[in-house]
Every structure is written in C-alpha cells, then in structure tokens.
Amino acid sequence: MKRLLKGGRVIDPGNGIDGMHDVLIDGDRIVRVGRDIPVEGVTVVEVPDGYVVCPGLIDIHVHLREPGQEHKETVASGTASAVAGGFTAVACMPNTTPVNDNANVTAYILAKAAEAGLARVYPIGAVSRGSKGELLADIAELKAAGCVAITDDGHPTASALLLRRALEYAGMFGIPVIEHCEDQSLKGDGVAHEGFHAASLGLRGIPGACEALGVERGVLLAELTGSHFHVAHMSARASLRAVRKAKEAGIRVTCEVTPHHFTLTDESLLTPVAYDTNTKMNPPLREAADRDAILGGIVDGSVDLIATDHAPHHYDEKNVEFDRAPFGIVGLETAVPLSLDRLVHSGLIRLPRLVELMATNPARVLNLPGGTLSEGAPADITILAPDLKVRIVANALRSRSKNMPFDGWELRGSVAATMVGGRPVFVNPEASIRL
Ligand code: DOR
Ligand code: ZN
C-alpha cells in the first residue's frame with residue numbers, strides 16, 4: 001500500500017531537509033521526500049499546516065521492566081506508552097528480573113516486542129553477569145542476540161577495571177558502553193541533590209561531583225581504550241564540563257539529558273508539595289545552575305540527545321517515606337510536550353535541533369536503522385503538532401505506572417501521530433489528522 005503524507009513541514013536533519021514537502025511511503029519503506037509527488041494510486045493523508053513530519057523519535061533510555069517486574073510495566077504497556085509519546089523505537093535497560101545478561105532474556109524481550117507490534121524495541125545488555133559487578137557478561141552473545149549497547153544502569157559499573165574491559169569488548173563489537181555515572185562512596189545513602197532544599201527537608205544529599213567523578217573515570221577509560229563511552233542521564237554542570245573537554249580532545253564520548261533534568265530543579269522537592277516521591281530520581285533534580293548549564297549544552301551542541309530514563313514504579317512502591325521510595329519517574333508520554341514547550345517555544349532551540357536530539361542523534365549513537373527519512377529507510381515517522389496545547393494527566397497515561405511530577409501541567413506542543421514501518425500505531429484524537 002502506498003501512502004502520501006501531503007503538506008506539513010518536513011524536518012530531517014540528517015539529510016539537511018527543512019521545508020514544505022510530501023513524503024511517499026510504500027509498504028514499510030520511505031520512497032521519496034519531495035514536492036508535488038503525483039497522487040494517483042496512493043492514499044493521501046493531509047498533514048495540517050504547522051504540523052511537522054520527522055523521522056520517528058527514538059528513546060534510548062527506557063526501563064520496560066519485563067521480564068519480572070510486570071506490576072510496574074510490560075513490554076506491551078511500555079511500547080504503548082512510547083508510541084503515544086511519539087517514539088517509534090526504544091532501547092530498554094537490562095535491570096529486569098532476571099537481568100538481561102544473556103541471549104535468552106534478550107530473545108524474550110524481542111518476542112514480547114514483536115507480539116505487541118507497537119514501537120521497535122532494542123534491548124541493551126548488562127555489562128556484568130546479573131549486573132553484580134563481578135564477572136563480565138558474554139558480550140559477544142548479547143550482541144549476537146540483538147543487544148545494541150551494554151550497561152549496568154541503575155548502578156555504575158562496579159570498578160574501573162571492569163569498565164575498561166567492558167569498553168574493550170564492546171569496542172570490538174562496535175557497540176557503546178552506557179554508563180550510569182556515579183561514585184557510590186560519595187553518594188552513600190543520599191536521596192536528593194545536596195543543597196539548600198535537601199538540607200531544609202532533612203534529606204541526605206548527593207552532590208553533582210558524585211556524577212562528575214563517574215564521567216571523568218569513563219572519559220579516561222574511553223581515551224585509554226578508544227571505545228565509545230556514553231553518559232546516561234547527565235544532570236550536573238561538572239559532568240557537562242568533563243564531556244565538553246573530552247569532546248574537544250577527540251575522545252569518543254556522547255551524552256544524553258532527560259526532560260525532567262532540563263525542566264525541574266531541586267526546588268520541586270519543596271513545592272508544590274514537600275517530600276513528593278515523584279520528585280525522587282537518580283541522578284536527582286539538581287540546582288538551578290546545573291539545570292541552566294544543561295540547557296546551555298542543549299543549545300551549543302555539547303549534549304547529543306534527549307532520553308527519558310522512563311522508570312515506572314508501582315503506586316504502592318512510591319507511596320512511602322521519601323527515603324524509602326525507589327528512584328525514578330515515567331517519561332515517555334511527557335517528553336515531547338516538555339521539550340517543545342521548554343526548549344522550542346521558550347526560544348532556546350529551533351525545531352530541527354529538537355529532531356536532531358530526539359531522532360537523528362539517538363539513531364547515530366546506538367547505530368540504529370532509523371532517525372532518517374532517506375529513500376529506502378524504514379517508514380518510522382512521527383508527526384508533531386507543535387502548537388497543540390496539552391494537559392498532562394497522570395491517570396490517563398498508557399504506561400502501567402503513573403509516577404511523575406507533571407500531573408496537571410499545561411504545555412504547548414504535542415504528538416499528532418506515530419507510524420512504525422508505515423503502519424499508524426498512534427493517532428492523537430485531539431489532533432486534526434486522520435491516518
Ligand atoms: O531514577 C532512576 N530509576 N535511575 C536509575 O538509574 C534507575 C531507574 C530505575 O530502574 O528505576
Ligand atoms: Zn541510571
């Protein structure tokens with residue numbers, strides 16, 4: 001079946017495209033991007049003025065929780081959440097039960113993803129067996145089974161030696177090591193960013209230096225091994241400084257930031273309600289100077305991409321004292337509205353840079369097939385409605401979990417529709433488009 005997306009602003013940074021074009025799709029592939037493509041024999045989809053057609057968004061940091069923690073999320077519910085958030089592909093973290101440290105778990109996740117038939121799922125394998133930080137996982141096996149990177153996320157890689165070996169092996173297989181950067185001795189039993197707000201609430205602090213130490217360690221080992229080191233959920237200004245210096249020195253380092261870290265600060269620990277466990281995540285919400293530095297990195301290109309660190313937790317797990325609650329918030333369905341509102345409509349960046357941060361660069365960093373509207377590429381397409389106003393409602397999320405601090409927020413900018421392999425997998429009923 002041939003389908004023509006007619007009208008709309010087509011933005012494909014990888015191909016230097018930004019303009020009024022049509023996109024022709026045949027089956028599961030993109031055939032052509034251009035003007036005045038003949039409409040004979042094709043189904044025409046009228047894309048309203050002001051809407052943006054771009055390569056499908058890719059979130060490379062998602063916790064799908066399956067196998068083993070299906071009360072928080074499943075591959076089916078997580079990918080439903082992903083497509084509703086405009087993501088055509090997600091890479092999922094290995095801290096499941098059991099940990100994704102072998103081909104059987106990887107195959108299980110891929111089978112669940114195929115069964116769900118929504119977003120594409122790219123599993124990420126563990127650095128170490130059981131993510132215990134002792135023995136290296138079988139990285140050849142993980143790669144052969146379909147893993148696109150390795151990480152012990154949730155925790156940093158346990159030692160410099162283990163990280164060195166992980167980088168060496170991952171390098172041989174052409175995949176990056178994704179690091180949850182954190183010095184555990186400095187973190188101790190901290191639960192919030194170390195500063196005025198945590199102190200005023202009597203919460204133990206985690207300084208930005210805790211993350212930056214992990215970044216510096218990884219940068220040195222990336223230089224030593226020549227392998228690709230990727231910094232997950234970067235939150236501290238000292239980490240950004242280390243990444244910038246490394247990039248200037250030509251070291252193979254990339255980094256991601258989350259919408260919550262560029263939107264919120266540690267002030268949210270106190271307002272609108274104090275001790276809300278939906279403001280507890282790791283790394284923690286930082287002080288304004290860190291948040292502003294991260295925004296600066298988004299603007300000047302030092303930040304490679306946006307990833308959500310979608311971390312679903314059950315209501316009962318979060319509904320406890322701040323100290324005892326698990327770290328993490330869901331993010332797949334709020335990433336686009338937050339990014340459009342806070343980055344684009346605020347005037348910090350333009351739409352092509354946002355598409356680069358959410359589609360082009362995520363595909364490049366993990367070597368994935370998407371992120372482009374090139375001829376012959378998979379027809380993974382996101383249609384954005386940048387001016388559509390949305391009200392975030394936690395209970396209306398597709399995710400099985402509702403843990404997030406944005407309930408009731410009104411934002412400008414949303415997703416109109418999501419297509420995976422030429423198939424519409426989400427159409428926003430509030431948007432003026434029918435597929
Ligand atoms: O906030 C977080 N939640 N940070 C992590 O590193 C892990 C994640 C989770 O798995 O819940
Ligand atoms: Zn992490």
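Read the numbers this way: they start at 1 and go in the same order the structure lists the ligands and their atoms.
- The Zn ion (ligand 2) has Asp153 OD1, His180 ND1, His233 NE2 as protein N, O or S atoms under 2.8 Å away.
- Side-chain contact, Ser401 with Glu73: no donor N or O sits under 3.5 Å from an acceptor N or O.
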Output a table of donor-acceptor pairs, distance under 3.5 Å, between side-chain atoms of residues 384-397 and any protein atom two or more places apart or on a different chain; print 'none' if there are none.
{"residue": "Asp387", "atom": "OD1", "partner": "Arg412", "partner atom": "NE", "Å": "3.1"}
{"residue": "Asp387", "atom": "OD1", "partner": "Arg412", "partner atom": "NH2", "Å": "2.8"}
{"residue": "Arg391", "atom": "NE", "partner": "Glu410", "partner atom": "OE2", "Å": "3.4"}

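- To the nearest 0.5 Å, the span separating SG on Cys255 from CD on Glu179 amounts to 14.0 Å.
- Annotation: ring-ring contact (aromatic ring centres under 6.0 Å, His included) contacts involving residues 287-339, sequence neighbours excluded, are absent.
- Looking at Asn282 and Glu182, their side chains do bring a donor and an acceptor atom within 3.5 Å of each other.
- Under a cut-off of 6.0 angstrom, the local environment of CD in Glu267 is sparse, with at most 12 non-hydrogen atoms contributed by other residues, nucleotides or ligands.
- Sorted by chain then number, the residues whose non-hydrogen atoms approach ligand 1 to under 4.0 Å are His63, Arg65, Asn95, Asp153, Gly154, His180, His233, Met281, Asn282, Asp309, Ala311, His313, Phe327, Gly328.
- With 3.5 Å as the limit, one finds a donor-acceptor pair spanning the side chains of Ser235 and Glu211.
- Inspection of the His61 and Asp153 side chains reveals an N or O donor paired with an N or O acceptor under 3.5 Å.
- No hydrogens or angles considered: nothing links the side chains of Asn95 and Ser131 as a donor-acceptor pair under 3.5 Å.
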